[in-house]
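First up is the structure itself, then whatever we jot down about it.
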Amino acid sequence: MPMTLILETDDGISEFVMKPIGRKTRQSVTKRLAVDCRGRECVRALMTHDGLLLGSGAVADLYEDFEGNCVERGEIVETDANNVTLRNLAATLGRPQRPVGPVASDELLEYAVMKAYFLIPTVIARDLRDSLADADIYRVAFRPRASVVDSPAFILANASGIFLVQCKPCLVEFIRLDQPIVVEDETDDEDDLWDGWQMNSGADQGGGDTW
Amino acid sequence: MVRFRRIRLADHRGRDATVLLVPVAESVKRRHQDMDGQPVRNVRRVRATGQTCADALFERYPDPDELARALISGDPEIDLEMTGRSTGPCDTVHIDGDGQILYAPAVVEVRCGLDGMECERRPLSVRPSNLVTPASPVWSGVLTPRAEIVRKYALTRAYQVMHTNALEFDFLFCIAAHLDERRAMAQIGSGRRGNGPLICERNGRKYRGFLDGRVRGDAMRLVLYLAAFELAASEDKL
């Protein structure tokens with residue numbers, strides 16, 4: 001079932017069907033596969049340091065307290081680095097959200113995009129439509145599910161249509177000449193051939209980003 | 001010790017320098033605790049072994065009734081010595097079509113179309129990183145207003161371009177001032193015209209690079225943004 005974004009502005013409610021976009025939807029994908037001598041696809045498995053081979057589904061990830069008792073995921077709370085409990089924020093999908101803005105386009109340069117969606121309007125309020133056509137950008141709360149993280153999302157339009165981009169903040173700062181920098185002099189930009197490859201996993205190839 | 005990427009960057013005056021790329025995306029560290037405020041840890045435990053996993057049991061007992069009887073009477077799905085033990089650190093290995101560990105698998109590249117179907121299978125070609133090239137980089141001269149870039153591309157990675165000495169600072173300050181004056185971002189890339197894709201790591205993804213510069217007094221910020229794809233609904237390639 002496609003996700004629906006509902007926005008509320010002075011001229012009324014706007015509703016959009018959200019279609020995720022990314023490299024996979026924009027261009028062909030190249031995967032790397034490990035194959036045996038007869039060309040058959042290999043499967044990945046884990047091997048413990050004492051030689052026990054563990055195939056897919058053979059391990060369980062769980063949380064335990066320091067006495068070794070299993071703790072259910074529903075009984076786990078997340079805290080920040082200062083040990084402050086993070087509040088679970090409700091999902092925003094299906095609930096009208098009021099966009100904030102217009103914001104300056106430079107504000108987007110303080111963030112890196114994590115996910116992008118193409119928005120197909122089913123109903124769009126006149127003020128929002130005109131404003132987006134005038135190249136305005138709005139910030140909106142967007143959480144597909146309840147989460148402790150409140151990643152900002154922006155709505156913008158270009159010649160191809162209307163988009164929502166969900167972002168994570170970047171910590172860019174102005175630097176001066178006298179500012180100390182931590183530098184390591186032996187930097188090897190050429191990573192190991194096998195690093196970052198997710199061969200035979202079904203996942204998209206490496207890179208470290210959400211994409 | 002912190003490791004940073006480097007990039008060999010050219011400026012609008014035809015000079016070039018190899019400078020640092022410092023990742024600036026915020027990484028949030030979160031901890032987990034139980035309802036009593038006691039910290040919990042994530043552990044990985046053995047659930048089944050090669051002899052007790054579902055596939056092995058289906059092979060051993062092809063008849064479902066026979067399997068059901070065996071599960072009730074003999075508990076073949078549980079290895080009492082292994083089940084529940086912590087795995088500890090593990091290595092990833094490949095298993096060939098005969099179920100044996102393969103120590104040196106051949107690697108092929110499989111290209112899939114937009115419909116997910118396989119289009120082509122070819123031997124692996126190694127694509128090196130092109131951030132630091134032996135040949136001098138080229139200033140593309142393509143300046144695009146910031147507002148246009150953020151509307152057109154998904155800028156999925158950001159690196160602050162940093163100096164390691166005073167000469168490099170002057171070099172970067174000059175680029176930042178040039179861009180700030182024009183309120184534009186410069187396209188940074190590979191190739192003879194300086195607008196080709198950037199590849200950050202060997203066999204990594206291709207990105208389109210844009211450089212944004214600001215100046216405030218004697219301070220500057222120069223950020224390299226990498227665009228993974230265009231914001232467009234059509235199926236055009238980046």
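Labels below follow one simple rule: chain letters A, B, ... track the order of the sequence lines, proteins then strands, and each chain is numbered from 1.
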(request) Before accepting this row, confirm whether a basic side-chain N of the pair A:Arg40/B:Asp98 lies closer than 4.0 Å to the acidic partner's carboxylate O. (result) yes
(request) Determine, for A:Glu64 against B:Arg41, whether the closest basic-nitrogen to carboxylate-oxygen distance falls under 4.0 angstrom. (result) yes
Can you say whether [X] sits under 4.5 Å from chain A via the side chain, the backbone, both, or neither, judging by heavy atoms?
X: B:Val215; value: backbone
X: B:Asp34; value: both
X: B:Val150; value: both
X: B:Asp170; value: neither
X: B:Leu155; value: both
X: B:Arg121; value: side chain
X: B:Gln160; value: side chain
X: B:Ile101; value: side chain

(request) Specify whether B:Phe169 and B:His163 have parallel, tilted or perpendicular ring planes, treating 30° as the upper limit for parallel and 60° as the lower limit for perpendicular. (result) perpendicular
(request) May I ask you to decide if the ring planes of A:Tyr117 and A:Phe142 are parallel, tilted or perpendicular, using 30° and 60° as cut-offs? (result) perpendicular
(message) In the structure I gave you, are the side-chain heavy atoms of A:Val123 and A:Ser14 within less than 4.5 Å of one another anywhere?
(response) no
(request) Please report the closest heavy-atom contact between B:Leu224 and B:Ile7, naming both atoms and the distance. (result) CD2-CD1, 4.0 Å
